[in-house]
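Right, one structure below, let's go through it.
Proteins come first, then strands; the chains are lettered A, B, ... in the order of their sequence lines, and each starts at number 1.
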Amino acid sequence: MKLFVARLDYGVTSDALRTVFEDFGTVNAANVINDRDTGQSRGFGFVEMPNQEEAMSAIHEADGMELRGRNIVVKEAEDRR
DNA sequence: ATTGAGCGC
């Protein structure tokens, strides 16, 4: 299951994102999206979790949680556009 | 350091 994570602090890296979600279960992959031209974080990212139950509990647990001073938003990801 | 309502090339 893929999770969409928004409102990330610009200093949050893919590795940091993975560490956060590993507290809720197994994480296959996590990546923060950076602007292709400037390389700066876009402030959102994706987390892939193989266990759906862990993924759903991660949504409920991590949505709204504070990370680096900002409250993040966690939702199920839409199909890649 | 920067901070937006946003779904990765």
Side-chain angles (χ1 to χ4, degrees):
Chain A
M1 179 173 190
K2 284 156 281 184
L3 270 43
F4 171 69
V5 188
R7 294 187 59 180
L8 295 169
D9 180 84
Y10 291 168
V12 175
T13 63
S14 297
D15 194 61
L17 192 63
R18 179 168 49 80
T19 301
V20 169
F21 281 82
E22 277 178 342
D23 283 346
F24 304 111
T26 304
V27 174
N28 268 359
N31 50 344
V32 170
I33 307 308
N34 298 95
D35 185 277
R36 198 168 144 298
D37 300 311
T38 68
Q40 178 175 123
S41 173
R42 281 200 194 172
F44 68 88
F46 297 89
V47 175
E48 166 116 37
M49 296 181 75
N51 185 302
Q52 187 177 31
E53 293 173 28
E54 288 178 348
M56 291 197 303
S57 80
I59 292 175
H60 297 307
E61 295 292 331
D63 188 34
M65 81 175 288
E66 186 181 304
L67 181 63
R68 292 218 190 185
R70 300 193 63 82
N71 291 89
I72 67 175
V73 175
V74 184
K75 313 156 81 163
E76 180 176 354
E78 301 170 358
D79 291 333
R80 192 187 289 214
R81 8 178 113 143

- Could you tell me whether the side-chain ring of Phe46(A) sits stacked on the base of dG8(B), using a centroid cut-off under 5.5 Å and a plane angle under 30°? yes
- Message: Can you tell me how far apart CD (Glu54(A)) and OG1 (Thr26(A)) are? Round to the nearest 0.5 Å.
- Response: 4.5 Å
Options [options], nucleotide nearest the side-chain atoms of [X]:
| X | options | answer |
| --- | --- | --- |
| Arg80(A) | dA5(B), dG8(B), dC7(B) | dG8(B) |
| Arg42(A) | dT2(B), dA5(B), dC9(B) | dC9(B) |
| Asp9(A) | dT3(B), dG8(B), dC7(B) | dT3(B) |
| Gln40(A) | dT2(B), dG8(B), dC7(B) | dT2(B) |
| Arg81(A) | dC9(B), dT2(B), dG8(B) | dG8(B) |

Between [atom2] of [N] and [atom1] of [X], the distance in whole Å:
| X | N | atom1 | atom2 | answer |
| --- | --- | --- | --- | --- |
| Phe44(A) | dG8(B) | CZ | C1' | 6 Å |
| Ile59(A) | dC7(B) | CD1 | C1' | 13 Å |
| Asn31(A) | dC7(B) | CG | C1' | 11 Å |
| Glu48(A) | dC7(B) | CD | C1' | 14 Å |

- Message: Just to verify, what does Asp9(A) make a side chain to side chain donor-acceptor pair (under 3.5 Å) with, not counting sequence neighbours?
- Response: none
- Any salt bridge (Lys or Arg N to Asp or Glu O under 4.0 Å) pairs touching residues 34-47 of chain A, not counting sequence neighbours?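 Not a single pair qualifies under salt bridge (Lys or Arg N to Asp or Glu O under 4.0 Å).
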